[in-house]
Amino acid sequence: MASVGEPSVTNDAEIGGVSDLDLDTATIPELQRRMSAGEFGSAELTEAYRERIRRLDPDVRSVLALDPTAPAQAKASDRRRVAGRLIGPLDGIPVLVKDNIEAVGLPGSAGSRALLSSQAGRDAPVLRLLRAAGAVLLGATNLSEWANFRSNRSTSGWSAVGGQTANPHVLDRNPSGSSSGSAVAVAAAFAQVTIGTETDGSIVSPAAVCGVVGHKPSVGLISRSGIVPITPHQDTAGPMGRHVIDVALTMAVLCGADPDDPVTATAPTLDWTLTPAALAGARIGLWRQSGVHAGVDRVVEASVAALAEAGAVLVEVDLPDLEELGRAEWAAMVGEFKPAVERYLRSRAGAPRTLAELVEFNASDPVELSVFGQEIFELSLAADPTDKQHRTTAGELARRYLDEAFDTHELDALFSPTTGPAPRLHTDEATGDPGDLSSSTLPAVSGYPHVTVPAGFVGPLPLGVSFIGPRWSDARLLALAAGFEAATTARRAPTFRATLD
């Protein structure tokens with residue numbers, strides 16, 4: 001494994017005309033300016049990312065499969081540039097997508113060996129939009145298998161297809177889940193942006209512990225068709241990037257109505273321009289969640305000072321205990337998973353047709369249950385999918401708690417630590433991943449947007465802070481996050497340190 005200071009960890013590209021480009025710090029606008037100036041092309045940029053993956057990904061196992069057509073995609077973009085026919089800001093920009101999103105030529109496995117022989121042979125709508133915008137699909141990222149919904153004692157970042165993903169800041173630390181590979185890959189500069197998915201925490205938590213920006217959109221902004229589901233009430237895709245501007249530009253591409261996902265018809269058209277000085281005068285509710293971890297408290301205090309310095313109006317906010325909400329959410333998801341996943345499986349030729357068949361496959365496979373079990377699958381098999389009360393309770397509580405805070409204090413957003421520093425990786429079925437600090441459940445269950453942005457470190461481990469807003473306030477949240485990013489410049493490139501010990 002690489003360790004601190006080894007030359008292999010440098011973020012400088014070493015391919016052709018991009019030899020002076022720091023992949024870690026470059027933004028999409030910078031890349032577009034330099035490509036248009038003729039300094040290098042998408043083909044060279046794509047090869048620089050592919051070379052970096054080949055060189056460094058064996059340490060972190062974030063990339064599950066490379067798309068062999070990526071070089072040809074990049075050359076097509078270069079031809080458009082020469083002809084003056086660029087499609088938009090993402091034209092020629094290398095992207096990786098989580099492997100529970102269908103893409104032509106990639107597994108779309110959700111990390112499960114049960115889906116490896118049934119490649120979808122089609123692009124999910126989010127992939128079609130990316131391709132239509134000229135983005136270069138580099139490949140698919142590893143994930144917590146079945147988006148972390150097979151066992152409550154699972155290890156985030158592990159799948160039977162891709163193995164164990166590691167945190168690139170400290171390799172024996174957890175990358176969090178379930179969009180582990182997407183967060184690790186963009187943190188390690190293996191692509192300019194990545195696409196993850198979230199049901200509760202699966203974008204924002206790995207983004208926070210890997211030190212990148214993650215956006216869990218309002219449910220309905222982005223199509224869920226062609227994505228392996230957990231529940232239609234909370235699932236959504238969303239982008240991750242090293243810079244807020246890159247996430248905003250990607251969101252502008254991903255949004256759009258999909259007739260196969262009717263909730264997208266209700267979404268408004270948003271302006272993704274990042275307003276300068278967005279924090280000045282913004283009313284921010286401070287949901288500190290203090291007293292859980294001293295290192296987190298120190299980063300939050302420094303972050304609050306930066307918000308004040310940028311002109312934000314800060315309001316202390318107390319939220320109700322979330323225990324009842326958590327119980328209702330869990331029961332709802334267990335009941336909703338079986339019909340959702342079986343509806344999806346029927347669209348995949350050659351895949352198991354039912355959840356019962358998946359359980360049988362896992363029980364007979366030599367790898368699937370080698371690290372942890374499938375008790376959530378078994379609970380879902382036994383649940384009553386017609387019982388809607390748990391979903392009603394969960395949704396009403398989450399929306400009430402947030403709406404009361406927003407309305408009472410006239411807030412633009414809530415501000416909170418996203419999660420704690422990454423714990424040690426383990427494969428101990430007795431405990432599962434530890435987790436005693438999170439801000440993800442309220443926006444996840446309500447369907448409201450959630451953005452995490454790097455805020456600091458506890459030792460070498462990154463921490464993120466969250467901006468949570470009312471439904472459809474996604475663009476406003478990204479503007480606030482961009483203001484915080486500019487005020488703090490807290491992000492640092494990972495060093496692939498082997499251990500804290």
Side-chain angles (χ1 to χ4, degrees), residues 26-36 40-46 49-50 67 69-98 101-106 108 122-141 182 185-186 190-197 203 213-215 217 220-227 236-261 264 267-274 474-475 478:
T27 64
I28 289 175
E30 177 191 348
L31 293 173
Q32 293 293 4
R33 285 194 300 270
R34 295 184 66 173
M35 287 192 286
S36 292
F40 51 84
S42 176
E44 293 163 302
L45 178 64
T46 297
Y49 273 122
R50 283 164 56 89
D67 186 335
T69 72
Q73 297 173 50
K75 290 175 183 176
S77 174
D78 288 337
R79 289 193 293 271
R80 289 192 295 272
R81 190 178 301 273
V82 170
R85 293 187 289 105
L86 283 179
I87 301 170
L90 261 60
D91 202 342
I93 299 300
V95 177
L96 286 162
V97 301
K98 187 176 178 180
I101 302 172
E102 294 179 356
V104 173
L106 294 175
R122 63 191 177 193
D123 283 336
V126 292
L127 258 295
R128 292 202 295 267
L129 290 170
L130 285 168
R131 292 191 198 274
V136 175
L137 179 59
L138 282 178
T141 57
S182 295
V186 79
F190 295 160
Q192 192 64 28
V193 291
T194 60
I195 310 300
T197 67
I203 289 174
V213 180
H215 182 188
L221 269 184
I222 297 176
S223 169
R224 286 84 56 81
S225 301
I227 300 175
T236 182
M240 302 184 190
R242 293 181 293 280
H243 317 283
V244 176
I245 181 62
D246 292 356
V247 170
L249 290 170
T250 305
M251 280 299 302
V253 166
L254 295 178
C255 296
D258 171 17
D260 293 326
D261 188 359
T264 59
T269 300
L270 301 179
D271 181 358
W272 298 99
T273 305
L274 298 181
D474 301 63
L478 282 174

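Hydrogens, waters and symmetry mates play no part in the numbers below; they use all other heavy atoms, side chains included.
Separation of atoms CG (Leu138) and CG (Leu96) is listed at 5.0 Å; rounding is to 0.5 Å. Here the straight-line distance linking atom OG1 of Thr197 with atom CD1 of Ile222 works out to 11.0 Å at 0.5 Å rounding. We find the CD-CG distance between Gln73 and Asp67 to be 5.0 Å, quoted to the nearest 0.5 Å. Put simply, CD1 on Ile195 and CG on Leu129 are 10.5 Å apart, with the number rounded to the nearest 0.5 Å. The CD1 atom of Ile203 lies 8.5 Å from the NE2 atom of His215; values are rounded to the nearest 0.5 Å.
Here the closest heavy-atom approach between residue Leu45 and residue Gly92 is recorded as CD2-O, 4.1 Å. Leu137 and Ala103 get closest at one heavy-atom pair: CD2-CB, 4.0 Å. The minimum heavy-atom distance between Lys98 and Thr141, with the atom names listed, is CA-OG1, 3.1 Å. Counting all heavy atoms, side chain and backbone alike, Ala26 lies closest to Gln192 at O-NE2, 2.7 Å. When every heavy atom of Pro89 is checked against every heavy atom of Ile28, the shortest pair comes out as O-CG2, 3.3 Å. Pairing each heavy atom of Asp474 with each of Pro217, the nearest pair is OD2-CA, 3.1 Å.
Residues Val186 and Arg242 are in side-chain contact: their nearest non-hydrogen atoms beyond the backbone lie under 4.5 Å apart. Here the side chains of Arg122 and Arg128 are not in contact, with every heavy-atom distance at 4.5 Å or above. Residues Met35 and Ile93 have side chains in contact (heavy-atom distance under 4.5 Å, counting atoms from C-beta outward). Using a 4.5 Å heavy-atom threshold, the side chains of Leu254 and Leu130 count as touching. Put simply, the side chain of Leu270 does not reach to within 4.5 Å of the side chain of Met251, judged on heavy atoms. Residues Thr27 and Leu249 have side chains not in contact (no heavy-atom distance under 4.5 Å, counting atoms from C-beta outward). Looking only at side-chain heavy atoms (C-beta outward), Pro29 and Asp246 come within less than 4.5 Å of each other. For the pair Val247/Leu478, a side-chain contact is recorded, criterion being any heavy-atom separation below 4.5 Å from C-beta on.
With sequence neighbours excluded, the residues that form a salt bridge (Lys or Arg N to Asp or Glu O under 4.0 Å) with Arg50 are Glu47.
A donor-acceptor contact closer than 3.5 angstrom links the side chains of Asp91 and Ser77.
Of the listed residues (Asp260, Asp258, Asp261), just one forms a side-chain hydrogen bond (donor to acceptor under 3.5 Å, both in side chains) with Ser225, and that residue is Asp258.
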